Amino acid sequence: MASLPNQQETITLDTFLRGLWQENPVFVMLLGMCPVLAVTNSAINALAMGLASTFVLVASNSLVSLMRHFIPKQVRIATYIIIIATFVTMVDYAIQAISLELYNALGAFIQLIVVNCMILGRAEAYASKQRLGATIINGLGIGAGFTFALLCLGIVREILGAGSLFGFDLFGDQFQPWVVMILPPGGFFVLGAWLLLFNWLRTRREAKLLETEGAPHDG
Amino acid sequence: MNTTSANNPPLPPTPAFNMLRTLGLVATLSGLLVVLSYQVTLPMIERNKQQAIEKALYKVVPGAVQRKDFVAIEERIELLDTQPEGTLLYAGYDQTGQLKGIALETAAAGYQDVIRLLYGYDPYCQCIRGIQVLKMAETPGIGDKIIKDARFQQNFEALEARMHPSGKGLQQAIVPVKQGNKTEAWQIDAISGATISSNAVARMLNETSQHMVPIIMKNLPIMEQF
Ligand SMILES: Cc1cc2nc3c(=O)[nH]c(=O)nc-3n(C[C@H](O)[C@H](O)[C@H](O)COP(=O)(O)O)c2cc1C
């Protein structure tokens, strides 16, 4: 991972933006694929999952960062897991209190946030070494990147597979939905398409960079 | 990536106390937060559950605007006051306290997973007046037609579930038939292409009604007084 391993990061705009783009947990690091594929069959599920994961990420990593001098290496994984599981349980109750319909739609995937490697990975690689401020900003960035990626999938899958967006009908009765898109295979198709697009954009940008920098040598 | 352990002199061993202190502290904090959020959200979650039942009840019992909960214990029906030990029955009444119907929960295995639904039973026409899916994971576009297909829903405008004259079971079992072949009031016109889901609905309505309709009919006076 590119983020400075052992020195304190000073907060810049990049602390936040990195998670959204260069280190996007889904499109670049391919972390947390289980909810990415499973709960993106509608935009609202994707948004709810993204926000819930962001909350758990920021809250648990903040606590890890605050306690970083008091967590001996030997018990760190156990400590992180307890902290993460605590916040997941709180989110679980909160979603039940907000809407049972949403809770039923997200099913077991709320509880499974506990084992989302994006969150444990951030605790281990970032929060355990960085100050609270940087951890919060970086966590918000990663969370925003995760939510953005889930929405990318959820929006496309709901439009193609159900002809609606956030539950609002888009095309009227004449539309014949492409049902496979909201079924599990559709998750793989749409994820593949997005990865293709983002990788193509990246190679193109890198090729351009090479062209401008490397021009004298090539000449 | 982290090569410090190879280059630096070994760190002094961590005292056991430090490990216990951290884990103990975190576990205590975790306990406090979990219990606190449970306590705070419990009334809201209970309210949501009640609202969900009420919303479904008023849909499957046409004309109902108030409800009273009962519980069936073996052959008796009682007003629900404490912990339910039998089958729950939600009776729906109109403005004047007139009994409009009774809603029951039922479930059976569908194509993907168990389908759970609430259905409304009208003891005066001895028929089922509506179904409302509480939980299911049927395939969108296929199995979820049991909710979305208006023609399928028409089955439950007055689906006959008459008590057998002997007081045991139904006079006619509720059965599914292939799409377009419904001729009798106790038949369910299945959805072609979603036969498994349709059959599951028919099966659960039949099973629960075979058992519960005689009990309801025998205990009707208790539920009639609002
Ligand atoms: C991916 C997939 C999902 C399906 N989902 C359902 C379903 O949810 N409910 C259902 O009754 N049938 C479902 N089916 C179809 C059943 O396997 C079966 O073909 C159908 O119920 C038969 O209906 P018919 O006898 O009217 O042709 C599904 C089939 C496939 C391939």
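These figures come from a predicted structure and were not determined experimentally. Every chain is numbered from 1, with letters handed out A, B, ... down the list of sequences.
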Rounded distance [0.5 Å steps], CE in B:M44 versus OG in A:S99
13.5 Å
Identify which part of A:I98 has an atom lying under 4.5 Å from any heavy atom of chain B, answering side chain, backbone, both or neither.
backbone
Would you indicate whether A:F171, at its atom CZ, is surrounded by more than 12 heavy atoms from other residues, nucleotides or ligands within a distance under 6.0 Å?
yes
Please report the interatomic distance CD1(A:I82) to CG(B:L29), rounded to the nearest 0.5 Å.
10.5 Å
Quick check on B:R47 against chain A: is it the side chain, the backbone, both or neither that has a heavy atom closer than 4.5 Å?
neither
Measure across B:V34 and A:Y93 and return the closest heavy-atom pair with its distance rounded to 0.1 Å.
O-CE1, 4.3 Å
Using a cut-off of 6.0 Å, state whether more than 12 heavy atoms not belonging to A:R131 lie near its atom CZ.
no
In Å, rounded to the nearest 0.5 Å, how long is the span from OG of B:S30 to CD1 of A:I84?
12.0 Å
Nearest heavy-atom neighbours spanning B:N48 and A:A97:
ND2-O, 2.8 Å
Using side-chain contact (heavy atoms from CB on, under 4.5 Å), reason through B:R21 and A:F70 one step at a time and then give a plain yes or no.
CA-CA 9 Å; B:R21 177 201 60 194; A:F70 299 99; 4.0 Å; yes
Check step by step if side-chain contact (heavy atoms from CB on, under 4.5 Å) holds for B:L33 and A:M90.
CA-CA 8 Å; B:L33 285 173; A:M90 291 170 72; 3.9 Å; yes
Check each atom of A:A105 against the heavy atoms of chain B and say whether the ones under 4.5 Å are side chain, backbone, both or neither.
neither
Turns out that what part of A:L183 lies under 4.5 Å from chain B's heavy atoms comes down to side chain
Using every non-hydrogen atom in the two residues, find where B:L23 and A:A78 come nearest and quote the distance to one decimal.
CD2-CB, 4.0 Å
Given heavy-atom pairs under 4.5 angstrom as the criterion, report whether the side chain, backbone, both or neither of B:L42 touches chain A.
neither
Would you give the length of the straight line joining atom CG of B:N18 to atom CD1 of A:I71, rounded to the nearest 0.5 angstrom?
12.0 Å
CD/B:Q112: more than 12 non-hydrogen atoms of other groups inside 6.0 Å:
yes
Does any non-hydrogen side-chain atom of A:R76 lie less than 4.5 Å from one of B:T22?
no
Mind running side-chain contact (heavy atoms from CB on, under 4.5 Å) on A:M67 and B:L25 for me, showing each step along the way?
CA-CA 11 Å; A:M67 293 184 64; B:L25 187 74; 4.2 Å; yes
Any chance you could measure A:L100, atom CG, to B:I45, atom CD1, to the nearest 0.5 Å?
7.5 Å
Might you confirm whether atom CZ of A:F175 has over 12 heavy atoms from other residues, nucleotides or ligands at distances under 6.0 Å?
yes
In Å and rounded to the nearest 0.5 Å, what is the CE to CG distance from B:M136 to A:N104?
12.0 Å
Relative to chain B, which of A:D92, A:L63, A:N41, A:T79 shows the most heavy atom pairs under 4.5 Å?
A:T79
